[in-house]
Amino acid sequence: MKHTSKLLSSTQIRGLTKVGDAYFPGDGELPSFSRCGCVEHADAAIELLPADDLASLKTLLGAIGIMPGFVATSLVRLAEHGPRMNGPLGVGLRFLRLGLKGVVTSLYYSGEVGHNYKGPTPLEVLGYHVKVYTADVDERDAKSTQGPSGSIAACRGLK
Amino acid sequence: MHDFVIIGSGVSGGRIADELTAGGATCILLEAGQAYDRRSFPPNEFRGSTALFWGGGIEVSKDARFGFIRGKCLGGTSVVNQADVDRFDDFAWDTWRDHTGIDFFNSGQMAEHYDLLDRNTAKGPIPLEHYNRNAKLFVESFNKCGYHWQPIIRAQDDCRHDQGSDCIVCLGGCPRDAKQSTLVQCIPKARERGMELEVEFEVDFVEDHQDHVRVMGRQRGMERSIVARKGVLAGGAFGNTRILKRSTSMAKDLPALGTAFCCHPQFMTFGAYDEPVDAHKGPLQSVQAHDDSLRRQGVKLENVFAGPIATAMLLPGFGREHHRLMRKFRYLTSIEYATMDEPLGKIEVTKSGKIIADKPLSASDKAKLKRGLEVTTELHHAAGAKEVIHCDQGFGLHLMGGCPIGLDAKTSVVNSDFQVHGHPNFFIADSSIFPRAPGLNPSFSIMALSVRASRHMLGKRPSERSIVAMGGAR
Ligand SMILES: Cc1cc2nc3c(=O)[nH]c(=O)nc-3n(C[C@H](O)[C@H](O)[C@H](O)COP(=O)(O)OP(=O)(O)OC[C@H]3O[C@@H](n4cnc5c(N)ncnc54)[C@H](O)[C@@H]3O)c2cc1C
């Protein structure tokens with residue numbers, strides 16, 4: 001896979017992919033995390049994280065990147081116990097879970113896939129299709145002689 | 001010099017901007033997030049959750065038991081919320097009045113502000129014929145179990161469910177401006193009246209200089225400072241507390257700053273059915289519990305659903321078991337239970353400016369959560385769910401407190417005229433002033449409090465209807 005991330009090194013991307021595959025190994029119809037190529041969009045998932053959260057995530061992913069795959073799976077299994085555990089270990093595992101699961105889940109169910117992937121996206125497999133009808137408001141705004149309305153008016157003149 | 005600098009453009013800040021400019025005051029509104037409009041909202045749940053929320057999507061409690069969600073964009077959380085608008089009942093106002101000693105916390109006196117908002121806000125229930133199956137099963141389960149429910153009143157106008165609009169999209173901003181956010185309802189009017197607006201401007205701290213206030217922050221990496229006669233802090237529970245904690249000359253006078261944090265801790269439960277439910281289609285939320293006994297027990301139930309990313313985050317487990325649950329996505333209903341929690345939480349800010357929100361649960365909070373879980377499980381079974389799935393990831397959408405209102409400067413931050421104790425040039429009327437969790441949706445009451453506070457800001461008595469410009473403004 002071509003390395004496209006500007007924020008993560010290839011070792012960190014490897015770590016992210018291992019975690020992604022532990023959470024989303026695929027089930028025949030649903031592709032695995034690595035197969036669907038969503039990791040190509042990793043930067044969009046993390047670029048707005050607060051700087052210290054991003055730094056911790058990068059360190060963690062770097063470490064997972066050099067671990068064997070089964071260690072990543074064991075880490076994920078352990079993290080999933082976090083919500084039911086008390087004490088400092090529970091706190092640590094819950095942070096781990098929210099951090100790791102958060103990023104890979106956002107990517108996997110983003111509807112965005114890798115440029116080489118040809119199969120259905122996980123969202124398509126679920127049958128998730130949503131829309132909002134806008135033809136009438138688009139037409140109204142296009143015809144309006146009084147200038148734009150609503151949110152467009154609020155943002156008018158802003159860079 | 002502007003009459004007012006308003007920090008934050010959400011439910012309170014946007015409303016106050018409308019009220020103050022209508023009263024003839026000159027204002028500048030500062031918002032940390034970016035400006036999006038109905039055509040430029042992020043295209044999907046993935047892009048929306050990173051772009052429109054603080055923390056790049058979610059912030060986490062000190063013990064990581066709860067994820068907190070708050071909007072960061074022009075219009076604030078009013079852009080990304082569900083737009084359910086409830087008046088507080090006597091129970092909520094009486095609790096506040098008993099706790100604070102503030103007389104106007106009663107349904108009678110607040111009715112005037114609610115009535116005004118009723119007249120100016122497009123809102124109403126979802127017509128029965130548009131209820132989706134998630135809502136119908138919720139109603140069926142309530143009827144079978146003998147609990148009372150009611151249609152939710154939503155601040156939205158012409159969603160075109162007849163044309164197949166799916167309101168779940170609007171959690172990332174409504175592409176037809178049907179949702180009556182401040183971005184749609186208030187800010188355009190304030191702009192028409194000449195209000196200045198600066199976005200991507202994150203306020204760091206404020207200063208009170210007797211005859212003016214100074215607001216310091218950063219806009220796209222550049223340090224900026226704004227001077228005005230008076231300041232309105234409308235950054236919400238986390239935003240305001242952070243600003244004031246970093247305003248060292250003021251924070252030293254405010255011993256109660258950061259206290260009384262509550263968030264209506266909530267959990268989702270899912271019911272799985274053999275036939276598709278398609279809870280993500282059509283109106284996202286149509287009904288909620290309206291049951292005296294549940295209300296007294298401090299349990300709040302709503303009929304809601306979440307997008308695939310949020311659902312996958314909430315569902316327990318990983319690997320093939322997680323895939324099995326997600327494959328049921330179209331076959332799931334969900335009920336959210338939230339609790340009227342005790343105000344034991346604390347909002348701290350580290351030296352580097354990071355917010356640490358501690359949200360301990362009391363024994364009574366835990367008992368309420370247990371009750372919520374029991375009732376939702378009973379309801380799912382009554383409606384015929386084949387499997388009931390409990391989620392152990394808690395979250396908080398209603399972030400409240402941090403700058404509680406009250407008469408005593410030792411135990412509160414804001415006085416009954418909505419001024420910061422000892423710093424009358426600064427006003428607050430948003431979710432941060434909540435002295436207690438109401439156990440009800442907060443935004444309509446934040447609007448009502450903001451309307452009332454605006455009259456104080458303009459030097460009028462709260463009951464005076466016609467608001468006029470500040471003397472000597474401009
Ligand atoms: C997903 C979701 C659904 C919800 N649904 C409902 C519902 O259906 N009904 C209901 O009543 N409530 C709902 N709520 C809660 C409700 O939206 C909030 O309680 C309400 O928006 C709080 O209003 P506020 O004015 O205090 O803060 P906000 O609306 O959050 O506005 C605060 C604004 O200040 C800005 N800000 C913060 N700090 C700074 C700073 N330092 N500098 C500049 N700007 C800053 C923020 O970016 C934001 O725009 C929901 C919340 C969420 C997250």
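Because the structure is predicted, anything quoted here is derived from the model rather than measured. Below, read A as the first sequence line, B as the second, and so on, with proteins coming before strands; counting in each chain starts at 1.
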Whether B:H323 and A:F24 hold their rings parallel, tilted or perpendicular, with breakpoints at 30° and 60°: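 Tilted.
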Would you say that [X] contacts [Y] through its side chain, given a criterion of any heavy-atom pair below 4.5 Å between the two side chains?
X: A:R156; Y: B:E192; value: yes
X: A:D138; Y: B:R38; value: yes
X: B:P308; Y: A:L123; value: yes
X: A:E80; Y: B:E321; value: no
X: B:L183; Y: A:C155; value: yes
X: A:D136; Y: B:Q163; value: no
X: B:R191; Y: A:L158; value: yes
X: B:Q393; Y: A:L98; value: yes

Under 4.5 Å from a heavy atom of chain A, the part of B:H322 involved: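 Only the side chain of B:H322 comes within 4.5 Å of chain A.
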B:S61, part contacting chain A, at a heavy-atom distance under 4.5 Å: backbone
Side chain to side chain donor-acceptor pair (under 3.5 Å) partner of A:S151, the single match among B:T182, B:D177, B:D37: B:D177
Residues B:R324, A:D27; criterion salt bridge (charged side-chain N to carboxylate O under 4.0 Å, His left out); working and verdict: CA-CA 8 Å; B:R324 182 187 76 79; A:D27 69 354; over 6 Å; no
Per-residue contacts, residues 45-58 of chain A versus chain B, heavy atoms under 4.5 Å: A:A45, A:L48, A:L49, A:P50, A:D52, A:D53
Donor-acceptor pair, side chain of B:R327 and main chain of A:L126, under 3.5 angstrom: no
Counting heavy-atom pairs under 4.5 Å with chain A, which one of [options] comes out on top?
options: B:K354, B:K62, B:K281; result: B:K354
options: B:D63, B:I168, B:V184, B:T50; result: B:D63
options: B:C159, B:G55, B:A64; result: B:A64
options: B:K328, B:E198, B:R39, B:R47; result: B:R47
options: B:D158, B:I187, B:D278, B:V169; result: B:V169

Test: A:D141 and B:R176 ion pair at under 4.0 Å: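 Judged by the 4.0 Å cut-off on N to carboxylate O distance, A:D141 and B:R176 do not form a salt bridge.
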Heavy-atom proximity to chain B below 4.5 Å, by part of A:H81: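 Answer is neither: A:H81 stays 4.5 Å or more from chain B.
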Rounded distance (nearest 0.5 Å) linking atom CD1 of B:I309 with atom OH of A:Y128: 9.0 Å
